[in-house]
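Quick note on labels: first sequence line is chain A, next is B, and so on, each numbered from 1.
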Protein chains: 2
Amino acid sequence: MPRAGLDPETVVAAGAALADETGFAHLTMGSLAQRLGVRTPSLYKHVAGLEDLNRRIAALALSQAADAVGAAVQGYAGRDALAAAARAFRAFVVEHPGRYAATIGVEPSGPDDPAAAAGQRLLGAFTAVLRGYEIAESDVDHALRLLRSLCHGFATLQAADGFRWSADIDESFEWLIAFADRGLRAM
Amino acid sequence: MPRAGLDPETVVAAGAALADETGFAHLTMGSLAQRLGVRTPSLYKHVAGLEDLNRRIAALALSQAADAVGAAVQGYAGRDALAAAARAFRAFVVEHPGRYAATIGVEPSGPDDPAAAAGQRLLGAFTAVLRGYEIAESDVDHALRLLRSLCHGFATLQAADGFRWSADIDESFEWLIAFADRGLRAM
DNA sequence: CAGATTTGGCTAATGTAATTAGCCTAAAGC
DNA sequence: GCTTTAGGCTAATTACATTAGCCAAATCTG
């Protein structure tokens, strides 16, 4: 039997891709093994189990989201940075709904959890956006939570098809960006 | 063997309670049957299966959330109404994390889906809040989506323990309410 | 290069949970 | 009381996750 040449990175990447295609809820060890041309138990040589796989996919997603937001923000400040960050984040979630879903509900296992570190990086990208606004030191945490809630809420509701009524979604999102910008400016 | 006297409402209510206590992910047909003092297959006389149970729990949660928000808003307008609605919504999610989690990811099966109707009622409660602000007709949908994203995002992030860093969460939430009020007022 | 070791596949077996089939009796209606 | 229906039950099937233990391919070492 020839080796398939798998390693944890390959397995996690394939799992993330499969989750994006078929939905996070439908990601099983069996379906992932099949996609990789391997029998189910073989996956356990690379990940500790389904929960470990989920955690790793979440870490990958957060890391990629942080990269996307960080890159989008480069060279911008103030409203432009905010808009770029928000759009990049939403685009990421819309393009990778499965892996983003994996990030909901993961609680970091320990202080050295890669998912937690990736989450911090994502947070850092948003913190950079806030530097373009005149926000009191004591308000930065609140503003960060606000931005995160806003982006997360909109993205997940859209991903879950939670917006079913009239008006155009893209327009709503631009409206949301304008709203946040106005609010942050008027501190 | 004496009858247990179950009906769909009892089963769904017990399921919602169990989800709140042990987490939505741990809700199984088996654990629910045990709590009701009945064997697993008996539940199928009242609900069509796990997916149907989830959908019904989601409908219950949305309906209760709509009641809570609607009641909280009574007699208030403007900022007071906004604060009351937001606090009531968050309180509901914090007190009933399991059943609220059931609402994430349910897609309405048809036009007569009770979950969709309950969702509309919840939306209506927030729409009432917006009437206290001077918002152009064309912006109401956008503002509604904003409020929903904000509340949903904050509540789910908190429920998932997504806020792990410094500053006080209640304070952040009040800050968020003030932010939204300011933004809506300045239309 | 031969032999030893580690690595990454595999089959087989176990445990848990959802679901279906089919039985059997308590409750409700006549 | 007799019939019907509704709501329990046991038993069986299926789908997954997971573990145990085998075996060959890579890799390392002398």
Distance in angstrom units between A:Arg3 CZ and C:dT7 P, rounded: 10 Å
Indicate yes or no: does B:Arg56 engage B:Asp52 in a salt bridge with an N to O separation below 4.0 Å. yes
Who passes ring-ring contact (aromatic ring centres under 6.0 Å, His included) against B:His46, sequence neighbours left out? none
Return yes if a side-chain donor-acceptor contact under 3.5 Å exists between B:His96 and B:Gln64, otherwise no. no
Nucleotide nearest B:Met29 (side chain, heavy atoms from C-beta), chosen from C:dG8, D:dA17, C:dA18: C:dA18
From CG of A:Leu50 across to P of C:dG15 the rounded distance in Å is 20 Å
Do A:Arg90's NZ or CZ and the ring of A:Phe173 fall within the cation-pi criteria of under 6.0 Å and 45°? yes
How long is the line joining CG of B:Asp7 and C1' of D:dG7, in whole Å? 12 Å
Could you go through B:Tyr100 and B:Asp20, starting from their C-alpha distance and side-chain angles, then the distance that decides it, and tell me whether this counts as side-chain hydrogen bond (donor to acceptor under 3.5 Å, both in side chains)? CA-CA 9 Å; B:Tyr100 186 73; B:Asp20 288 340; over 6 Å; no
If Ile, Leu, Val, Met, Phe, Trp and Tyr residues are connected whenever their side-chain heavy atoms lie under 4.5 Å apart, and connections chain through other members, are B:Val106 and B:Leu32 in the same group? no
Using heavy atoms and a sub-4.0 Å distance, could you list which residues of residues 30-46 of chain A are near DNA chain D? By number, please. A:Gly30, A:Thr40, A:Pro41, A:Tyr44
Given side chains that start at C-beta, do those of A:Met29 and A:Val47 come closer than 4.5 Å, heavy atoms only? yes
Atom CZ of A:Arg121 with >12 non-hydrogen neighbours under 6.0 angstrom: yes
Please work out which residues in residues 14-23 of chain A have a non-hydrogen atom less than 4.0 Å from an atom of DNA chain D and list them by number. none
Please give, in whole Å, the distance from C:dA17 P to B:Leu53 CG? 15 Å
